[in-house]
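These notes concern the structure reproduced below.
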Amino acid sequence: MVTLTVVLQTVLIVALAPLWNGVVARLKARLQMRRGAPVLQGYRDLFRLAGKETVLSEQASPLARVAPYLLVGAAVTICAWTPVVTTSPGLAFAGDLVMTVALLAAMRVLLALLALEAGTTFGGMGASRHLALSALAEPALMLAVFTLALNARSTNLAAISAAVQASPHAWISPSHLLALTAVWIVVVSETGRVPVDNPATHLELTMIHEGMLLDLSGHHLALVEWATAVRQLVLLTLVANLFLPWGIAGSLAPAALGLALLAWLGKLLGFAVVVALTESLTAKMRLFRVPEFLGMAFLLSLIALTSDTLLGK
Amino acid sequence: MSLTGLDGAWIAGAVWGLAAATLLPALAALAPALPDALRHRVPRALAAAACGVAAIAGARALAGAAPPPLAWWPGFPGEPFTLAGDALSAPFLLLFGLVGAASFAAHRPNGTPRGAAARLSLHAGFGLALLAVLAAQHVLLFLIAWEAMTLLSAALVAHETQSLRARSATYVYLALSHAGAACIALALFTLSAKANSFRFDALAAAYSNLPAPEAARLAWWFTAGFAVKLGLLPLHVWLPLAHPEAPGPVSAMLSGVMVKAGLYGLLRFAWQMPGAPPAGWGTVLVVAGIASAIAGALYAAVEPDAKRLLAWSTVKNAGVIALATGLSALLADAGQLALAGVAMAAALYHAVGHGLAKALAFLSVGEAVHAGGSRHLDRLGGLANRMPRVSLAALVATLSLCALPALPCFAGEWLVYQSLMLGYTAGAGQLRLLAPFAGAALALATALAVAALVKLYGIAFLGRPRTEAAAAAHDAPRGTGLVLLSFAALPVLWGLAAPWMARSLAAPLGALLPGFDASSLAGPAGLMLLPESSGGSSIAPAVVALLAGLFALIAFLWLRAAHGGRRPVRRAPSWTCGAPVDARAQYTALGLTKPLRLVFEPVLRARREVEVLEEGSPYFARRLRYRSALPAVFEQWLYRPFVQAVLWTSERIRGLQAGSLHLYLAYLLATLVALLLWAR
């Protein structure tokens, strides 16, 4: 049963990953009084890309042919211990918070190296910005979740989720709220959303993520896009189930699991609404304002981490 | 086990092998009639084999073998010079042996035959001194070896005597190392006077019987001396200057092993001998470690020189090791033995893991720099397609140093996070205050190091060659390539088998923290790195690697099945918006981390000047000159006033030396009178 839930949770994230982008795009379109593309457009794009011819730069080294698969491997591996519908440990012995952040860093390294393969300006531009922003975002993510880990006395993600759920008033504490704010900023940055990046643009002055993918095509591009979508959904799931763990099943009873699934989908929909509203209401920041924004996340999470000591708890 | 009988012989074999390798090239240079193989191939193979034997000695000592010490000399004051691998030196001996074997196997003769012979002889002598430092059980032998290690490595750093940069690096290196060695010698001689012996065991007995303030004072002297070798802030200034100047295989030993000899000295003389480190020691090491980790990573991220970038990354990792060591001292002080053991396991595991990864990095980048003709990243590029063997080794080293999961630098940091978190919740003294900052610093340093290493591999090995020399680069000879690739397996193995490796550190952990049970570091399945009393946090690097590989394979097979066979990939020029493809359109090393440089501008204080040489129109200059430099902050603010004071004083003193015989006779007379008056 445990194996089944692990497989089920992994398949859920991997399968639903492109959907979330579709939902956000649709919501945004409605807010802008457009009809917008169908929600399933993301899947169509991916399958179309996978069927197309793959063109690789003459400069690319053998790494360019392996890296897309490794990216998918790293992204899906995180799902193996991410609590999606249940806090039952599953494969939690293999990975925890630190391992999750390290795998996210692995994806960042592979993506940046992939961007530098072709030897073009766009790749370098994307890699340069991505490296700088992640260098601030990832420590903030680590610290924000660490705040919760301190209370749970464990870096095991399922244990953290269960611990937050077990103490009903923990979420109203200043450290929790500060950490939640910090982690949301990180998620916005890591998923390349407004106001940090704009997923819909191909304008070289502004793009970060798209710049890195510019020389990819065919099934390589499909793999990388899918891996990034999985990473995005994993991050959102972490926010949903670590910081707002209501509804997640503590047992493997089918009724509890069903309820947890609904709760998870509801939280994801809520996030989609928040993101769509943010993207419609705010403009993208100037690139060099973003480090301040992320620096704020870093400081917020550091304050969250120390606030327990400062408040004398 | 039949090996037991040999235990005493391993170290002897290693010592004699390295000694022979030191002397052979020198002899062969003096006697031209000798066969050519004796000049290079034989001594090199001998040195590599001797290092392999030292690695076996280290592994045996880790497994608990305690051979009788090797008495070598009838002795200075009646005591023999003794060499032995004990529990504490075991992991360091193992690291030395593994790195040394690869370093000698990858050593290649360049330049004139005499120069090549001298370099090999110095290299082997340096190896011998390093081995003696790690195995010495006698004060004088230790000091001689320590000094020989410094001098021989300085000679290798200065091997390019024409280069002003190399000469000034050697000077800074020697000055700081000798300041450190003076501290160590002072403390060691004080201690042997108290013990009335030069043997380490007698020293340890006397040390632990000293009154606390006196023992603490000695421990601080030792700490100051060894912190120089470890490269902790603010004593690190020599490291990024000296390490890159030596040839690749020597840099590998400098950064991989010699820095760890500093850690060995710290643990031996400031912790094991007095029984416990002095009060406040942990805090100082944690703070210095935090500062070194962040500064090392930050300067690595903005460094355009390939080998100096790696040297800065060594400063970062030395910081992490010091942080873990200090943490362990704080936790032991607070009575949290299990957590102190976790932190110390992190320090030792990371010391070996980083040593292996950094040695691989210096070996492979050294080859690349040699082939590409420049150390500057902006003069390299596109080497991955030209040097596939070296590039693969460099990629493994890069990913390892990025602390990616299942590779050697990750599990150590994980252990540090665990001991930080659990130490914080256990409420151990200053840890309540230090732990959040230490965690933040570690996370930030790791993220910055990732940017630095991606820059190293991405700019030097990927993309398009930036110069003709880089375009004409050839892969290293098959033999060297094979050495690099087989050595690359070691760090990967150290990372994948992290739980077993951490558990195998039981002997040194027991020597430092008696009563700590190292088997609590791994779970029942042997797969988990599981500190006791951690609320169930665990990682299994091998399982994670397996899962990632499995999922990548599923993606591969699925795509293949969907397409009905192998998917063709067409090669085409890179897309540059229709403009002609030009290597200069690529990002430079400076440009790639420019955003980071701007973000950390208040700390880095970069200088830049833009000068318009030729005006085209009021808005567009035709030619510009752009200069930018990072000021050496520590040299300027910390060392320059001191150096200036020394220079000023010597300038004044020089006035006394007028060169007149009468004046000197007058000095003599004055001194004599003063002495007579004083002794009256």
Side-chain angles (χ1 to χ4, degrees), chain A residues 50 53-59 61 63 69-70 72-74 76-77 80 93-96 98-99 102-103 105-106 108-109 112-113 116-121 124-125 127-129 131-132 134-135 138-139 142-143 146 149-150 152-156 159 214-215 219 223 288 291 302 305-306 309, chain B residues 382 384-385 395 399 402-405 410 414 417 421 424-425 432-433 436 439-440 443-444 447-448 450-451 454 457-458 462-464 528 534-540 543-544 547-549 551-552 555-556 559 562 567 569-576 585-587 591-592 594-596 598-599:
Chain A
E53 184 192 27
T54 304
V55 185
L56 199 60
S57 163
E58 288 164 352
Q59 309 299 326
S61 75
L63 176 69
Y69 295 101
L70 290 181
V72 169
V76 180
T77 305
F93 77 90
D96 64 345
V98 188
M99 184 63 101
L103 277 171
R108 169 158 60 110
V109 170
L113 288 178
L116 291 168
E117 284 275 12
T120 61
T121 322
M125 198 179 283
S128 165
R129 293 169 177 180
L131 284 175
S134 310
E138 251 161 46
M142 175 78 110
L143 290 186
F146 223 76
L150 277 184
R153 288 179 53 78
S154 168
T155 50
N156 183 333
L214 212 58
D215 217 78
H219 72 284
L223 286 168
F288 282 102
L302 191 57
L305 203 50
T306 46
T309 314
Chain B
N385 287 326
L395 183 64
L399 298 182
C402 284
L404 295 193
F410 173 70
W414 188 80
Y417 281 122
M421 180 184 76
Y424 177 85
T425 29
R432 286 296 275 198
L433 192 63
L444 184 63
L448 286 173
V450 163
V454 166
Y457 192 80
L462 300 180
R464 214 174 289 275
M528 296 163 244
S534 84
S537 354
S538 66
I539 53 164
V543 172
V544 168
L547 277 179
F551 289 131
F556 176 73
L559 269 175
R567 192 165 282 268
V569 171
R570 185 162 62 89
R571 292 287 188 154
S574 306
W575 169 244
T576 50
Q586 298 175 94
Y587 255 51
L592 193 67
K594 180 85 178 184
L596 277 175
L598 288 176
V599 172

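Treat the numbers as computed from the prediction; the structure is a model and nothing was measured.
Contacts between B/V599 and chain A at a heavy-atom distance below 4.5 Å involve the side chain alone, from C-beta outward. When heavy atoms are compared at a cutoff of 4.5 Å, B/L559 approaches chain A solely by way of its side chain, counted from C-beta outward. Proximity to chain B (any heavy atom under 4.5 Å) is shown, for A/M99, by both the backbone and the side chain. For A/E117, the parts lying near chain B are the backbone and the side chain together; criterion is any non-hydrogen pair under 4.5 Å. Contacts between A/L103 and chain B at a heavy-atom distance below 4.5 Å involve backbone atoms as well as side-chain atoms. With a 4.5 Å cut-off on non-hydrogen atoms, B/A403 touches chain A through its backbone but not through its side chain. A/D96 touches chain B through backbone and side chain together, each having a heavy atom under 4.5 Å away. Both the backbone and the side chain of B/F556 come within less than 4.5 Å of a heavy atom in chain A.
The two atoms that bring B/R571 and A/E58 nearest to each other are NH1-O, 3.8 Å, heavy atoms only. Closest of all the heavy-atom pairs between A/G124 and B/L592 is O-CD1, 3.6 Å. The nearest pair of heavy atoms linking B/A440 to A/L143 is CB-CD1, 3.4 Å. B/A552 approaches A/Y69 most closely through the heavy-atom pair CB-O, 3.4 Å.
Within the 4.5 Å cutoff, the side chain of A/V109 has heavy atoms near those of the B/L404 side chain.
Per-residue counts of heavy-atom pairs under 4.5 Å with chain B were compared for A/L223, A/D215, A/V72, A/L63; the largest is that of A/D215.
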